[in-house]
Amino acid sequence: MKKTLLITGGAGFIGSHVVRLFVRKYPEYRIVNLDALTYAGNPENLKDIEHAPNYVFEKGDITDEQLVPALFEQYRFDGVVHLAAESHVDRSITDPLAFIKTNVFGTANLLNAAKNAWKDHFDGKRFYHVSTDEVYGSLGKEGYFTETTAYDPRSPYSASKASSDHFVRAYQHTYGLPTLISNCSNNYGANHFPEKLIPLAIHNIKNKKPIPVYGKGENVRDWLWVNDHARAIDVIFHNGNIGETYNIGGHNEWTNIDLIRELCRIMDKKLNRKAGESAELITFVKDRAGHDLRYAIDSSKLQRDLGWEPSLQFEEGLEKTVDWYLNNQEWLDNVINGAYQDYYTKQYVEREQ
Ligand code: NAD
Ligand code: DAU
């Protein structure tokens, strides 16, 4: 094996696409996936590569101060791609401390273990932290987030991610740890947990349940196909300049209501419903507290310096995503368990009362 890499959060939505890409593309690497398998982590996401000879799964928590250094000792990692996090804004509003624990302390625990294990011999080592565009706050109708936009996080989730970014930069500045950070816009695609807008809407449309749209549906998000995010992570991990930040985005802005209407149109076609039938399910509900109006990423640095660009048009990606959910009912049935039903009732039924 040429290199051993630690990927955290590899059983989650984006992490599973990153693990699959690295395991298949780099047979000479050993990929160790550390994941606590929270409600958002699902070993089914990696069924197709679970027996690959260069893949190892370690169930464990990134906040564990004994386990993480022990794994560095055992595997002698050459690099880290850190994705494990609590990732859902709505959950951060009801349980902020869980986000501080995992996203802030967990990241610091990993940084510390890397610094101690690598003992200031950082040649060839890389610690790559995967972050979000939400650290930059909320845009008005104009403008884009660039790598130099001032941080202005406004939810407990984005504040915890901003804090973790600061710790990454502090370890680079203070100890010389070779770090990289990327801040990406909203992802969509296969294996997305159905608490997030697109998979939740697909599931509800299919089952003729109300599609909950927060407020008036005027908030704007910039959507990127998850496989294109994984490709960007590969390029940045291997070719990015140490100490730098790269913004990743799809140049693909949609208001929530337009996005949901497009999804309804695609699903009417796929499910042989009459045009407009699914859109009747759209239901405007109480807005998210502190709901950021608009995110939009300027990813020209990544495109110019590292030659990455999105591979897929949104309408095509959305159709592929709908197909994936319609063809993977068993995956969906497994994640829509009792805990999901409790979450759904608290978030969408009790909140409205
Ligand atoms: P996800 O919620 O689908 O998956 C998170 C994974 O981390 C799960 O497998 C979970 O089990 C694991 N995990 C959570 N807490 C852990 C802990 N304490 N120890 C070990 N493992 C733990 O998240 P995602 O949407 O795939 O996001 C992955 C990363 O990308 C996150 O850091 C997130 O902030 C960032 N990000 C996400 C998006 C997006 O649109 N989803 C966009 C930009 C950045
Ligand atoms: O921008 C990157 C971020 O995108 C990531 O860092 C987060 O991990 C990821 O969850 C995502 O955050 P959002 O809050 O933008 O995603 P979510 O799918 O929760 O919501 C998308 C938009 O849809 C947002 O404006 C809120 C709205 N929404 C969401 C849900 C779940 C609804 O209108 N109804 C819903 O039921």
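Scope of the values below: all heavy atoms of this structure, side chains included, with no hydrogens, waters or symmetry mates. Both ligands and their constituent atoms are indexed starting at 1 by order of listing.
Within ligand 2, the atoms closer than 4.0 Å to a non-hydrogen atom of Ser185 are 1 (O), 2 (C), numbered from 1 in the order shown. Set against the non-hydrogen atoms of Asn186, the atoms of ligand 1 under 4.0 Å away are 40 (O). Close contacts between ligand 2 and Glu195 involve ligand atoms 31 (C) [criterion: under 4.0 Å to a heavy atom]. Listed by number with element, the atoms of ligand 2 under 4.0 Å from a non-hydrogen atom of Tyr348 are 30 (C), 31 (C), 35 (C), 36 (O). In the vicinity of His88, heavy-atom distances shorter than 4.0 Å reach the ligand 2 atoms 19 (O). Ligand-side atoms of ligand 2 in range of Thr132: 1 (O), 2 (C), 3 (C), 5 (C), 6 (O), range being under 4.0 angstrom from any heavy atom. Of all the atoms in ligand 2, the ones that sit under 4.0 Å from a non-hydrogen atom of Asn219 are 25 (O). Using a 4.0 Å cut-off to heavy atoms of Ala84, the atoms of ligand 1 that qualify are 7 (O), 21 (N), 22 (C). Near Pro212, meaning under 4.0 Å from any of its heavy atoms, are these atoms of ligand 2: 32 (C), 33 (O), 34 (N), 35 (C), 36 (O). Remark: ligand 2 atoms within the under-4.0 Å shell around heavy atoms of Val89 are 14 (O).
Test Leu110, Asp35, Asn109 against Ile62 for side chain to side chain contact (heavy atoms under 4.5 Å, CB included) and you get one pass: Leu110.
The closest protein non-hydrogen atom to atom 42 (C) of ligand 1 is Ser185 O, 3.3 Å. Looking at atom 10 (C) of ligand 1, its nearest protein heavy atom turns out to be Thr38 OG1, 3.3 Å. Closest to atom 26 (O) of ligand 1 among all protein heavy atoms lies Ile14 N, 2.8 Å. Closest to atom 3 (O) of ligand 1, if we only count protein heavy atoms, is Phe13 N, 3.1 Å. Here the heavy atom of the protein found nearest to atom 4 (O) of ligand 1 is Gly12 CA, 3.5 Å. Closest to atom 24 (C) of ligand 2 among all protein heavy atoms lies His291 NE2, 3.4 Å. Among protein heavy atoms, the minimum distance from atom 32 (O) of ligand 1 is reached at Lys161 NZ, 2.6 Å. Counting protein heavy atoms only, atom 9 (O) of ligand 1 is closest to Asp35 OD2, 2.6 Å. In terms of protein heavy-atom proximity, atom 5 (C) of ligand 1 is closest to Ala85 O, 3.5 Å.
For Asn103 and Tyr157, the side-chain atoms include no donor-acceptor pair closer than 3.5 Å. Residues Thr179 and Gln172 have side chains that bring a donor and an acceptor to within less than 3.5 angstrom of each other. For Asp165 and Tyr151, the side-chain atoms include at least one donor-acceptor pair closer than 3.5 Å. Asn45 and Trp331 share a donor-acceptor pair across their side chains, judged by distance under 3.5 Å alone.
Shown here for Thr102 and Ala85, the closest heavy-atom pair between the two residues is CG2-CA, 3.8 Å.
Within the model, atoms CZ of Phe193 and CG of Asn42 stand 8.5 Å from one another, a figure rounded to the nearest 0.5 Å.
A salt bridge links Asp48 to Arg24: one of the charged nitrogens lies within less than 4.0 Å of a carboxylate oxygen. Electrostatic pairing of Lys101 and Glu86 does not count as a salt bridge here, judged by no charged N lying under 4.0 Å from a carboxylate O. Under a 4.0 Å N-O distance rule, the pair Arg231/Asp228 qualifies as a salt bridge.
Between Tyr26 and His238, the gap from one ring centroid to the other is short of 6.0 Å. Two rings, from Phe13 and His229, have their centers 6.0 Å or more apart.
Thr8 places a side-chain N or O within donor-acceptor distance of the main-chain N or O of Leu83, the cut-off being under 3.5 Å. Side chain of Asp95 to main chain of Arg91: no donor-acceptor pair is present (N/O by atom type, distance under 3.5 Å, no hydrogens or angles).
The residue among Asn187, Asn256, Val130, Val213 with a heavy atom at the shortest distance from atom 27 (C) of ligand 2 is Asn256. Comparing Gln347, Lys196, Arg91, Arg288 by heavy-atom distance to atom 20 (O) of ligand 2, the nearest is Arg288. When Leu83, Leu224, Thr132 are ranked by how near their heavy atoms come to atom 31 (C) of ligand 1, first place goes to Leu83. Of the listed options Gly249, Cys184, Gly10, Ser87, Ser87 places a heavy atom closest to atom 2 (O) of ligand 1.
If you look at Leu37 next to ligand 1, the close heavy atoms, those under 4.0 Å, all belong to the backbone. In Asn187, the parts holding a heavy atom less than 4.0 Å from any atom of ligand 1 are both the side chain and the backbone.
Note on ligand 1: Ser16 sits outside its first shell, no heavy atom being nearer than 4.0 Å. Residue contact check for ligand 1: Tyr157 places a non-hydrogen atom closer than 4.0 Å to it.
In this structure, Phe122 and Trp118 have perpendicular ring planes: the angle between them is above 60°, well past the 30° mark.
By the 6.0 Å contact criterion, NZ on Lys269 is enclosed, its count of non-hydrogen atoms from other residues, nucleotides or ligands being greater than 12.
Between Asp61 and ligand 1, an N or O atom pair is found at a separation short of 3.5 Å.
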